[in-house]
Asker: 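Before I ask anything, let me first share the structure, which is written out below as structure tokens.
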Amino acid sequence: MNYWLVKSEPSEFGFAALQAAGRSVWDGVRNYQARNNLRAMKTGDRVLFYHSREGLAIVGLAEVVGEAYPDPTAATGDWSAVDLVARQPLPYPVPLTRIKQHPALQNLGLVRNGRLSVMPVSAEEFSIIMELAQQGEDTAA
DNA sequence: GCCAACGTTGGC
DNA sequence: GCCAACGTTGGC
């Protein structure tokens, strides 16, 4: 199983919207690196759901359902979409500020390339984030 | 709302 | 094929 992180603006389509919508098409990605990450997703992969612009935190866990397929919203170009389903909100959101503080999370795309919208997460990074999500905010040294 | 960082585009 | 200009994203 692999782990990923996707970004979304809560005002556009937040984690609550994903929960409400059930199985949802993750489309509209127009960046090659992000697209290639979508294409590498497999059914059952875990997906951390990050709120950009507002919230600035990882707020939920989702799951990939089905392989990548051509993006229905792309009139031209070679773009891909996948389907996601919400699993559960994190017990506590993990804020970007905390991720930036954690020494073992400095290689996350979220830290290194703020503009990538779909990125891989290592198993170690994933478990650290899930641990942080048990603790709430401001317990970091 | 601003602006830095990044990716993409297009002129040469 | 290079690189400057432009548009977009997203943290602040």
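Residue numbering restarts at 1 for every chain, and letters A, B, ... go by the order of the sequence lines. Owing to the predicted nature of the structure, the values given are computational and were not obtained by experimental measurement.
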Asker: Classify the ring geometry of A/Phe49 against A/Trp26: parallel below 30°, tilted from 30° to 60°, perpendicular beyond 60°.
Answerer: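 Perpendicular.
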Asker: Rounding to an integer number of Å, can you tell me how far A/Leu5 CG sits from C/dG10 P?
Answerer: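 Rounded to whole Å, this separation is 11 Å.
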Asker: So A/Leu90 and A/Phe15, side-chain contact (heavy atoms from CB on, under 4.5 Å) or not? Walk me through it.
Answerer: CA-CA 10 Å; A/Leu90 300 186; A/Phe15 190 71; over 6 Å; no
Asker: Does the pair A/Ser11 and A/Arg53 meet the rule for a side-chain contact (heavy atoms from CB on, under 4.5 Å), with working shown?
Answerer: CA-CA 9 Å; A/Ser11 61; A/Arg53 306 247 338 155; over 6 Å; no
Asker: Given atom CZ of A/Arg35 and atom P of B/dG7, what is their separation to the nearest angstrom?
Answerer: 15 Å
Asker: Phosphate oxygens OP1/OP2 of C/dT9: is one of them under 4.0 Å from a side-chain N or O of A/Tyr50?
Answerer: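 For C/dT9, OP1/OP2 do not have a side-chain N/O of A/Tyr50 under 4.0 Å.
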Asker: If you measure from CG on A/Leu48 to CG on A/Leu110, what distance do you get to the nearest 0.5 Å?
Answerer: 9.5 Å
Asker: Would you indicate whether A/Glu124, at its atom CD, is surrounded by more than 12 heavy atoms from other residues, nucleotides or ligands within a distance under 6.0 Å?
Answerer: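 Incorrect, the count does not exceed 12.
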Asker: Take atom CG of A/Asp78 and atom P of B/dT8, then tell me their distance rounded to the nearest Å.
Answerer: 13 Å
Asker: Output the rounded distance in Å from NE2 (A/His51) to C1' (C/dC12).
Answerer: 19 Å
Asker: If you measure only the distance, is there a donor-acceptor pair under 3.5 Å linking the side chains of A/Asp45 and A/Trp4?
Answerer: yes
Asker: For A/Gln135 and A/Tyr92: C-alpha separation, side-chain torsions, deciding distance, then whether side-chain contact (heavy atoms from CB on, under 4.5 Å) applies.
Answerer: CA-CA 7 Å; A/Gln135 301 168 11; A/Tyr92 294 92; 5.8 Å; no
Asker: Starting the side chain at C-beta, find the nucleotide from C/dG10, B/dG7, C/dC12 nearest to A/Arg53.
Answerer: C/dG10
Asker: Take the protein atom CG of A/Leu56 and the nucleotide atom P of C/dC12, then report the distance between them rounded to whole Å.
Answerer: 7 Å
Asker: Less than 4.0 angstrom between a side-chain N/O of A/Lys100 and OP1 or OP2 of C/dC12, yes or no?
Answerer: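 Yes, A/Lys100 has a side-chain N/O under 4.0 Å of OP1/OP2 on C/dC12.
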Asker: Atom pairs, N/O to N/O, protein against nucleotides 1-4 of chain C, distance under 3.5 Å?
Answerer:
none

Asker: Do the side-chain N or O atoms of A/Lys7 get closer than 4.0 angstrom to the phosphate oxygens (OP1, OP2) of C/dG10?
Answerer: yes
Asker: Specify the separation, in whole Å, of atom CD1 of A/Ile99 and atom C1' of C/dC12.
Answerer: 16 Å
Asker: Please state how far atom CG in A/Leu96 lies from atom P in C/dG11, giving the value in whole angstrom units.
Answerer: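 These atoms are roughly 6 Å apart.
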Asker: Would you kindly give the CG-to-C1' distance between A/Asn31 and C/dG10, to the nearest whole Å?
Answerer: 14 Å
Asker: Compute the centroid of each ring, for A/Trp79 and then for A/Tyr69, and state whether the two points are separated by less than 6.0 Å.
Answerer: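 No; A/Tyr69 has its ring centre 6.0 Å or more from that of A/Trp79.
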Asker: Specify the residues of residues 111-119 of chain A, ordered by number, for which at least one heavy atom lies under 4.0 angstrom from an atom of DNA chain B.
Answerer: A/Asn113, A/Arg115
Asker: Does A/Glu125 form a side-chain contact (heavy atoms from CB on, under 4.5 Å) with A/Leu5? I'd like the steps, not just the answer.
Answerer: CA-CA 11 Å; A/Glu125 289 162 342; A/Leu5 184 147; over 6 Å; no
